[in-house]
Protein chains: 2
Amino acid sequence: MKQITKYIVKNSLKRIFLYRACLVRLKMMGVEKVFSYTLANETGVTSDQVRKDFSEFNIKGNKRGGYDINCLLEKMETIFHRNKDHNIVLIGMGNLGLALSKYSKFVQRNMNIVATFDIDPFKQKIRSDLPVYSMSRLKEIIDRFRVKVAILAVPEISAQQVADELIRYGIKGIVNFAPVLLKVPSDVIINNVNLCDELESVIYYVHNLIKADGLKNIELLYRDMKY
Amino acid sequence: MKQITKYIVKNSLKRIFLYRACLVRLKMMGVEKVFSYTLANETGVTSDQVRKDFSEFNIKGNKRGGYDINCLLEKMETIFHRNKDHNIVLIGMGNLGLALSKYSKFVQRNMNIVATFDIDPFKQKIRSDLPVYSMSRLKEIIDRFRVKVAILAVPEISAQQVADELIRYGIKGIVNFAPVLLKVPSDVIINNVNLCDELESVIYYVHNLIKADGLKNIELLYRDMKY
DNA sequence: TATATTTTGTGATTTGTTTCACATCAAATC
DNA sequence: GATTTGATGTGAAACAAATCACAAAATATA
Ligand SMILES: NC(=O)c1ccc[n+]([C@@H]2O[C@H](COP(=O)([O-])OP(=O)(O)OC[C@H]3O[C@@H](n4cnc5c(N)ncnc54)[C@H](O)[C@@H]3O)[C@@H](O)[C@H]2O)c1
Ligand SMILES: NC(=O)c1ccc[n+]([C@@H]2O[C@H](COP(=O)([O-])OP(=O)(O)OC[C@H]3O[C@@H](n4cnc5c(N)ncnc54)[C@H](O)[C@@H]3O)[C@@H](O)[C@H]2O)c1
């Protein structure tokens, strides 16, 4: 029970994802081991940071020998519970939901959208690899597939109500695309993805960059954009 | 030229977006002024944080009287250059690109996708509010509409090459949905949106949360998920 | 007009994160 | 097998962000 109390900060988690993507690429290229500075170069962080991050997750390499890519990837799989499959539900088969339902990378990473849901009977006829159910079957499916995580792609106005329903049926984590802050119990994880904000912040930085033209240490202006 | 050297950190920028969304909502409800703790309550941060953030952007309120919502919103518009319109191009009209091209919130925030592009002649026939051009017209459109920011929704494999092209034509900021780290000159802003990672991090936190069931200060586990 | 109250704005302090620096070890070389 | 070399791993130091605490100001009240 000890190490559970230790929480992992979003930024280092994000960097770990970066490292992993890079490792996968290197592996495909036939590379078998890496040094912290290889990963650092590829991902735009410092090698210290790479090692510190690894140490945070208790990942060990070989002094002088660097890290074995296979070991590294295996360790990461365990850390991220990727040996198991993860069943997901997707609510809202509008423009965005439809795109997400067709996204093949989720499956490649063992994250399976087992079913999608929409309130609109018309949407329920969408020809797709995935079934589109009416909301009345939500509980049944969540129970059957032991779903713990949901993707929420319904309009702003319905987001809270749908979230409440999901949580009532046992959902513990939501990736929320609606631009609202959901009110949820403290044992439910919400990850808000707000694409307007993402676009707007780029515009903001670009403008400042243009105004600051000629500034030496431009990277200071947007150093947190890195990942 | 003084204040330009001061960079704004992504987190405080994100919080400002939160405050703004909240202010817009309150305004619609007829509210005219707020206190830092009102905003704090609504957005789940502390009132100190709200005031510190405001002070970072040089936003002033009235001692005892709080903040006037209209002034606040106006100030924010200026800070975010929202008095001007911003022309955007969208590259890649696949599943995701199509959804994004139909997203009405961008326009509501003065961010106009003026044209979309795809290499696939078939995609160029998509019936949509927006024109879908072949890549050969990219330079022309970027010049004509003085576009500085692009949304990149092409496959991983083409992302770098398309980014290079965009930058060659003068694009200074990219919201990149392809799961690759683009190599770009230091005066170009990249904002990577990696939806797999977003989903996976929720799964990670949910799992740890379930394991840590009964832990007092659960919020520690995912405090950086807040916004 | 004086006093109490309430909220802002910001240095000071605490807390958190990254970078530095170097001991430690494993391999390569002599 | 001793010595050099080159990498890891991690406390210590430096830096950055969030919280605290309180003076200053504006309003309400007496
Ligand atoms: N389209 C985009 O590219 C995009 C980008 C970023 C964010 N978003 C956000 O994602 C959400 C969905 O956007 P969209 O463009 O797909 O909208 P949309 O209107 O195309 O789709 C919403 C879908 O949700 C369904 N729905 C509505 N109420 C529901 C309910 N109570 N239960 C179940 N389903 C319900 C609707 O029938 C519809 O099919 C919105 O909150 C939007 O702000 C969209
Ligand atoms: N579909 C999703 O929900 C989703 C979610 C997250 C991330 N992404 C990422 O977004 C990107 C697009 O995803 P998608 O699902 O829409 O893929 P897609 O294959 O449906 O669409 C990609 C589009 O890009 C076009 N294209 C390919 N090469 C091009 C080039 N050189 N120049 C211009 N256009 C080109 C293709 O013709 C196609 O229309 C991918 O990198 C994907 O990993 C997609």
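Lettering of chains follows the sequences in order, A, B, ..., and the numbering in each one begins at 1. What you see is a predicted model, and the numbers here were worked out from it, not measured in a lab.
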Glu56(A) has an atom CD; how far is it from atom C1' of dG9(D), in whole Å? 14 Å
How many Å lie between CG on Leu72(B) and P on dG9(C), as a whole number? 10 Å
For Lys84(A) and Asn110(A), which I'm curious about, is there any donor-acceptor pair between the side chains at under 3.5 Å? no
Restricting to nitrogen or oxygen on both sides, can you table the protein-nucleotides 27-30 of chain C pairs closer than 3.5 Å?
residue	atom	partner	partner atom	Å
dA27(C)	N3	Arg64(A)	NH1	2.9

How is Ser36(B) classified with respect to the nucleic acid when contacts are heavy atoms under 4.0 Å: base, sugar-phosphate, or nothing? sugar-phosphate
Report yes or no: do Asp164(B) and Gln160(B) form a side-chain donor-acceptor pair below 3.5 Å? yes
May I ask you to evaluate whether Tyr67(B) reaches the phosphate of dG9(C), defined as a side-chain N or O under 4.0 Å from OP1 or OP2? yes
DNA chain D: 5'-proximal contact among Asp53(B) and Val34(A) (nearest heavy atom): Val34(A)
The nucleotide from dT7(C), dA18(D), dT10(D) with an atom nearest the side chain of Lys60(A) is dT10(D)
Are Ser55(A) and dG9(D) close enough that a side-chain N or O sits under 4.0 Å from OP1 or OP2? no
In terms of relative ring orientation, are His81(A) and Tyr204(B) parallel, tilted or perpendicular, with 30° and 60° separating the classes? tilted
Integer-rounded Å distance: dT13(C) P and Lys52(B) NZ: 13 Å
If you measure from the Lys or Arg side-chain nitrogens to the Asp or Glu carboxylate oxygens, is any gap between Asp197(B) and Arg109(A) under 4.0 Å? yes
Distance in angstrom units between Phe35(A) CZ and dG6(D) C1', rounded: 8 Å
Starting from C1' on dT18(C), measure out to CZ on Arg51(A) and report it in whole angstrom. 13 Å
When rounded to whole Å, the CZ to P distance for the pair Phe54(A) and dT8(D) reads 9 Å
Using side-chain heavy atoms (C-beta onward) and a distance below 4.5 Å, is Phe177(A) in contact with Leu100(A)? yes
Calculate the interatomic distance between Asp48(B) atom CG and dT14(C) atom C1'; express it in whole Å. 13 Å
Spacing between Asp68(B) atom CG and dT27(D) atom P, to the nearest angstrom: 13 Å
Would you call the rings of Phe80(A) and Phe17(A) parallel, tilted or perpendicular, where under 30° means parallel and over 60° means perpendicular? tilted
Under-4.0 Å salt bridge between Glu200(B) and Lys14(A): no
